[in-house]
Every structure is written in C-alpha cells, then in structure tokens.
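Okay, structure first, notes after.
Here the structure is a predicted model, which is why all the values come from computation and not from measurement.
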Amino acid sequence: MAHLQSCSDFLERQPDQILTDDQIFGDKVMIRSVLANFYGRVTWGQHIGDWYSFTVLDEAGKSDQGPDNMQNFGNSHWRVSNYELIRNFNQFLKGLRASTVLSESEKQEYEGEVRFLRAWTYFNMCRGLGGMPIVGDEVFEYMSGMDVGTLQYPRATEAEMYDYIIAECEAAALMLPASTNTNAARANRWVAVMLQARSAIYAGSLANYNNKMTSPIRTSGGEVGIPANLASTYYEKALKAAQEVINTSPYSLQMTKPDDLERNFYEALSVKTNNTEVIWARDHGYPGEGQQVNFTTMNIPGSHAEDIDRAAAGPILNLVEDFEYVDNRNGDIKIRDEQGNFVFYDDPLDAFANKDARLGGSVILPNALFRGTAVEIQAGHKVWNNGTWQTVTSTPGERDNAGRIITSANGPNRSNEQFINKSGFFFRKFLDETPGASTRGRNSDMWYPRFRFAEAVLIAAEAAMELGQQSIALGYINQVRDRAGIQHLTAISIDDIIQERRVEFAFENHRYWDLKRFRRAHIIWNGVVNSTTAQHWALFPYLVVAPGTPNDGKYVFDRLTFSNSLHPRFFELRNYYNFIDLGWQNANPKIVLNPFQ
C-alpha cells in the first residue's frame, strides 16, 4: 500500500472554485484538496479554538468581563446533524472509485480516510441524538415528480448506529497505513481502531447504565436506548480493539522525562516533537492561512502576556481537587485544620505538593513556573488584627506601605474586571510556550488531541472491569496511574474509572460525554446552590500579614464560590439526548422525536 504524503500542510489545502466531478477526480491535486477540506469540517464539541467551551462544564470558569450566568444545558447543546457532509463524503467516494488518475493503493487509502471521517461524523451525531438515519453510500438526487418518500429514511436504532460505526471503522482500518504521520494530522489504521474502541465502550456503558436507571431513557422503537443484554458484547469489542492498539500499534504512554512527571505529562499532550502518545489530533500548523488558534493568547497569565489579551478563563477548584495526592486518594486542599484554623504554607505551591503529577501538567497552580518564571497568584492579604483575620484586597498590582504586593496583577479577584483571573488557577495543558504564541498576530499552532494512547489503556481497563476481569482492569489502570506518580489501586469500580478519566482527560472533550454515558450527569450537575459538584468553586491564596508572629509572610487560602456566581450547573434528564429539530421532522415525517420532547 502506498503511503501518501502526510505532512500537516496537506490539511491547509482548500478548493478555490466550484469544479465538475471530472475536473476534480481527473486531478490528483484536486482530489487531495477536497479530502483536506473534509478534515477541516469535522470539529465538534470542546476544542481549543473555542476556549469558552471549557467553562460550560465543571472544568473551568469564565473570567473575562464578569461571571458566567449559564446554569441550564440547552436542548441542542453540542448537537451534530450534518447530512450535507455525509452527502459530500458519499459523492467523494463515488468519484474516487471511478477515478483513473490514482493507483489502486492510493484509492484504497483515500477511501479508508473518508469512510473513517464519515464514521466519525455519525459517531458525533449518535452520542448527542441517539440513532439517526443511516444512508450508506447513497447520493440522493431529487428529480421533479419523484416520490419524496424514497428519499426519507427512518431513524436507525441507537444500537444499529453504533454497530454501523464499528463496522465502518473495521473496514477503514484495513485500508489505512499502520505507520504514523506528521503531527498525527490524518487518519491511519490506529485512528480507525480507536474510534471502534470508543464507540463500543460508549454503546456498552449505555446498554449497562441507562437500564439501571429507575426510569430508563428510551423510545419505543429503540432510536434511543440500547438493550441491556448487548452490554457484554460491546464491552468485548471495546476490549479487543483497545488491546489491538496497546499491543501492536507504534504508540505508547509517553515517558520521556521520568524525573519530572509534571513536565512529562504536559509534553505528552502539548508538544508535537517526537510524540509517542497522540494518535489523532486537530493540528494547527504555523505559518498557515489562519489555521492558528488563540487559546494561549486569550488564557495566558497577565504576568506572561505578550499582547493585550489574557486570563479569559481559568480551571476551577472542582477539577483541581479531583487530582489525588500521592499517598491519599482524597485530593481536597488542606485549608483549615480540625479546629477551623487556617493551615499556613511557606509557599502557596506547597499546598499542592505530592499531588498527582497530571495536575501540574494540566493546571498552572499559584507560584508554579510557566516559561521559566513563577506565576504569582495572590488575592490579597490576610491581616491579623485584634484577634481576628481581616481580608485586604487592592487593585491588581498595588503594593502596601512595606512594598508587599496586595492583589497580584494576575489576580484572582471577584470583580467584573476583564483580564483578571477569577478562579485561582490558569490553564497549563495546551498553553503554548513558544515565544509570540500569545500575540494576536501570531497566535499558536498548538494541536488538539482527539485520540491518544492513554485512552486505549483506560478503555481496556473499563471494558475488562465491566466483564469481571478485575486483575486485567487493574493492570491497565495502574499503568496510567504509574505515569502520574500515584499509588496503585488494589480494586477497581466504575467510580474509579470516572475519576481516572476525569483527571487524565481534563479539557479533552471527554467529561461531558462520560457523565452522559454513565448516567451521572444529572447527579453531578444537580443544580443545587453550594453543591460540591454542581457549583463552580475557586481557591484564593492570601499573603499573611501578622508582624511578630511565626506566620507572618506565610500563605493561607479561602475556598469561595466562583465569581459571586450562584448558578450551579443543572443537567436535566431531557439533556441526555439532544432534541430533534422539528424542521427535520417536517421534512421527513419518519423521524420520531426524542424523549421529553
């Protein structure tokens, strides 16, 4: 099989005019151009081109110009239904198969890529909507007087749709090269196998946990709801596909810096050079026709900014405390002792010492280094005055009479000020260290991983656990925990799986979908004010000003609701499936509505 050009500039190609099929499929360059265009059309859900997408869950809070008032999830939240793109894929496949300018091996590889991208589109559709019409390779053409009923397909069942995606991935994998490509920008065999594994584990968990609800969410025709007796079959498929990646692919859990596990994790996710972890990514090459992203520009700490933008959002305490300590699975930050007194720290970073290394690789903590210099995060002073603690704040960057910073230029504070952090933390994962990457003129060429090796390992752990293979499941989950520098598990449950995926894949477009497929979203995001899980929380560090006492110059913390916002996330049962647009049903009466519509 010929290995086609795979450098990332391939993805920057764009067709510049409307051409006939003969013109496209009679020209190798144009064929490649259309295929490249497809890759640019499959970005859905969270991604670093849309930093706000991280703030709608329990990962980050919006700091830019005041708090975020979002509480409820919309009926079309992250909904995908792109049959125009499906039609374009099918048009391409028809023309590709008839083309005479490509070798058979080239045609096979291109077909594998397009069939994978089509399966990826159906997958993104299915996890939001449930089963939707599957049109196969059909390219529908309406002729005047035609019976439109022949163009109207009913919805597939949710199980049929996952089965179709898995089968298409199996077929595509056999057509695609097993070798890696530049910046993981194009689909290869392992990308297809990863989607096969992810689809199967999603279907398995839906068959399992939806049916354990008091009132399972389903439609009478199975468009929503997978029978419980199919769960083990899907888990077996997921385990087999994940083990294929683990045992035979060229990828591995990246461990290039065993003496600095925080740095190792950051590089495994955010540095493209010599990367063994990332299997498929949305790449942003530089220089390149507006392909750069402004995630770094918008979210860099003010102390390190290179342009006027900064601090648009920050990770919240909810996420930070889900990272365990090396010797304690409870990751809560020690703020007060048992008597209710402050716990004092010589350095604010000390509160996070001996935490899961993935925390420092994902989040900039108070006084942690970025680009070689400390990121000062200080909300103000705690002043000991007549037997009580008083909180003193200032405009960012102001000093007291002794020359001590009160509220740092980075914040945090609780005002509606723009460019000042509100959570007590900054993003680390996907924040670009390259000089100039936080300027509007340059922005960043950071990639956004969609599949990586750790997911194969955790899919295998989950599937094995659900199949009753505890020792195998433990072996897999402990590989990931080893890299994080935390203790091995000796038993494994679904709560452990949810926790591990939470911290391993922070900001990687997994959290929302995981809580939906495990049917935990309505429990975690329960809409209750001051809930430990639904409310967004912040952690504010303060310099202690207590002259003549041993604690003078030390640091303490306050746990606060995020930005005075009392808008806890509220996920309702209706949110487990997007609503069907009534316009779709008007155009095709065979489309049945989803539950709660």
For the residue pair Asn588 and Trp584, confirm or rule out a side-chain donor-acceptor distance under 3.5 Å. no

Charged N to carboxylate O below 4.0 Å: is that the case for Arg115 and Glu111? yes

Walk me through it: do Glu455 and Arg198 pass the test salt bridge (Lys or Arg N to Asp or Glu O under 4.0 Å)? CA-CA 9 Å; Glu455 186 184 355; Arg198 187 188 289 182; 2.8 Å; yes

Closest contact, heavy atoms only, Ala473 versus Ala461: CB-O, 3.3 Å

Does a side-chain N-to-carboxylate-O contact under 4.0 Å join Arg263 and Glu433? yes

I'd like to know if Glu113 pairs up with Arg186 as an ion pair, taking the criterion as any Lys NZ or Arg NE/NH1/NH2 lying under 4.0 Å from an Asp or Glu carboxylate oxygen. yes

CA sep, side-chain torsions, deciding dist, call: Leu431, Arg371, side chain to side chain contact (heavy atoms under 4.5 Å, CB included): CA-CA 10 Å; Leu431 209 67; Arg371 291 179 176 166; over 6 Å; no

For the atom pair OH (Tyr251) and CE (Met194), what is the distance rounded to the nearest 0.5 Å? 10.5 Å

Heavy-atom closest pair, residues His47 and Thr43: CD2-CG2, 3.4 Å

Is it true that the side chains of Gln469 and Tyr476 contain a donor and an acceptor less than 3.5 Å apart? no

Are Arg450 and Trp120 side-chain neighbours, meaning at least one heavy-atom pair lies under 4.5 Å? yes

Ignoring hydrogens and geometry beyond distance, is a side-chain donor-acceptor pair present between Asp482 and Gln479 at under 3.5 Å? no

Atom OG1 of Thr273 and atom CG of Asn183: how far apart are they, to the nearest 0.5 Å? 8.0 Å

Of all the heavy-atom pairs spanning Gly26 and Val101, show the shortest one and how long it is. O-CG1, 3.4 Å

Considering only heavy atoms from C-beta outward, does the side chain of Val56 approach that of His77 to under 4.5 Å? yes

Out of curiosity, Ile492 CD1 to Ile477 CD1, how far, rounded to the nearest 0.5 Å? 4.0 Å

Phe507 and Phe427: ring pair (Phe, Tyr, Trp, His ring centres under 6.0 Å), yes or no, with the steps? CA-CA 9 Å; Phe507 319 129; Phe427 293 104; 5.0 Å; yes

Side chain to side chain donor-acceptor pair (under 3.5 Å) partners of Glu508, counting only residues at least two apart: Lys429, Arg452

Are Phe430 and Trp51 close enough that their ring centres sit under 6.0 Å apart? no

Less than 4.0 Å between a side-chain N and a carboxylate O, is that true for Glu504 and Arg483? yes

Would you check if there is a donor-acceptor pair between the side chains of Asn443 and Thr297 at a distance under 3.5 Å? yes

Trace of the side-chain hydrogen bond (donor to acceptor under 3.5 Å, both in side chains) decision for Thr296 with Ser438: CA-CA 5 Å; Thr296 299; Ser438 66; over 6 Å; no

What's the separation between atom CG in Leu85 and atom CG in Leu117, rounded to the nearest 0.5 Å? 8.0 Å

Got a second to check how far Glu106's CD is from Ser99's OG, nearest 0.5 Å? 9.0 Å

Salt-bridge criterion met for Arg517 and Glu462 (N-O under 4.0 Å): yes

Could you list the residues that satisfy salt bridge (Lys or Arg N to Asp or Glu O under 4.0 Å) with Arg155, not counting sequence neighbours? none

Quick one: are Tyr162 and Lys237 in side-chain contact, heavy atoms under 4.5 Å? no

With a cut-off of 3.5 Å and sequence neighbours excluded, list every side-chain donor-acceptor pair involving residues 131-139.
{"unit_1": "Asp137", "atom_1": "OD1", "unit_2": "Arg118", "atom_2": "NH1", "d": "2.7"}
{"unit_1": "Asp137", "atom_1": "OD1", "unit_2": "Arg118", "atom_2": "NH2", "d": "3.1"}
{"unit_1": "Asp137", "atom_1": "OD2", "unit_2": "Arg97", "atom_2": "NH1", "d": "3.0"}
{"unit_1": "Asp137", "atom_1": "OD2", "unit_2": "Arg97", "atom_2": "NH2", "d": "3.4"}

Kindly give the heavy-atom pair with the smallest separation between Phe295 and Ile48, and that separation in Å. CB-O, 3.4 Å

Would you compute the distance between atom CG of Leu102 and atom CD of Glu109 and round it to the nearest 0.5 angstrom? 11.0 Å

What do the steps show when you test Asp163 against Tyr234 for side-chain hydrogen bond (donor to acceptor under 3.5 Å, both in side chains), and what is the final call? CA-CA 9 Å; Asp163 290 343; Tyr234 285 122; 2.7 Å; yes

Hey, is Lys272 close enough to Asp283 for a salt bridge, meaning N to O under 4.0 Å? yes

Beyond-backbone contact of Gln46 with Phe54, side-chain heavy atoms, under 4.5 angstrom: yes

Looking at Tyr576, does the NZ or CZ of Arg519 lie under 6.0 angstrom from its six-membered ring centre and within 45 degrees of the ring axis? yes

Can you find a heavy atom in the side chain of Arg440 that is under 4.5 Å from one in the side chain of Asn294? no

side-chain hydrogen bond (donor to acceptor under 3.5 Å, both in side chains) assessment of Arg520 paired with Tyr209: CA-CA 9 Å; Arg520 295 290 184 91; Tyr209 294 100; over 6 Å; no

So, Arg358 and Glu500, do they make that salt bridge, N to O below 4.0 Å? yes

Steps toward side chain to side chain contact (heavy atoms under 4.5 Å, CB included) verdict (Trp78, Ser53): CA-CA 10 Å; Trp78 285 328; Ser53 64; 3.8 Å; yes

Residue of the set Glu158, Glu223, Arg79 for which side-chain hydrogen bond (donor to acceptor under 3.5 Å, both in side chains) holds with Tyr577: Glu158

How about Ser444 and Gln292: do any of their side-chain heavy atoms sit closer than 4.5 Å? no

Taking atom types as modelled, is there a side-chain donor on Arg41 or Asn82 under 3.5 Å from an acceptor on the other? no

For Tyr235 and Asn208: C-alpha separation, side-chain torsions, deciding distance, then whether side-chain hydrogen bond (donor to acceptor under 3.5 Å, both in side chains) applies. CA-CA 10 Å; Tyr235 285 134; Asn208 188 359; 3.2 Å; yes

Take Leu582 and Leu593, measure what side chain to side chain contact (heavy atoms under 4.5 Å, CB included) needs, and give me the verdict at the end. CA-CA 8 Å; Leu582 297 182; Leu593 299 182; 3.9 Å; yes

Flag side-chain contact, heavy atom, 4.5 Å: Ser81 against Leu129: yes

Can you confirm whether the side chains of Tyr202 and Arg127 place a donor and an acceptor under 3.5 Å from each other? yes

Side chains of Tyr164 and Phe123, heavy atoms from C-beta outward: is any pair under 4.5 Å? no

Looking at Glu84 and Arg87, does any basic side-chain N land under 4.0 Å from a carboxylate oxygen? no

Is it true that Arg442 and Glu306 make a salt bridge, defined as a side-chain N closer than 4.0 Å to a carboxylate O? no

Heavy-atom count around Asn274 CG within 6.0 Å, excluding the residue itself: above 12? no

Which residue is it: Phe453, Phe116, Trp447? I am looking for the one with a ring-ring contact (aromatic ring centres under 6.0 Å, His included) to Trp280. Phe116

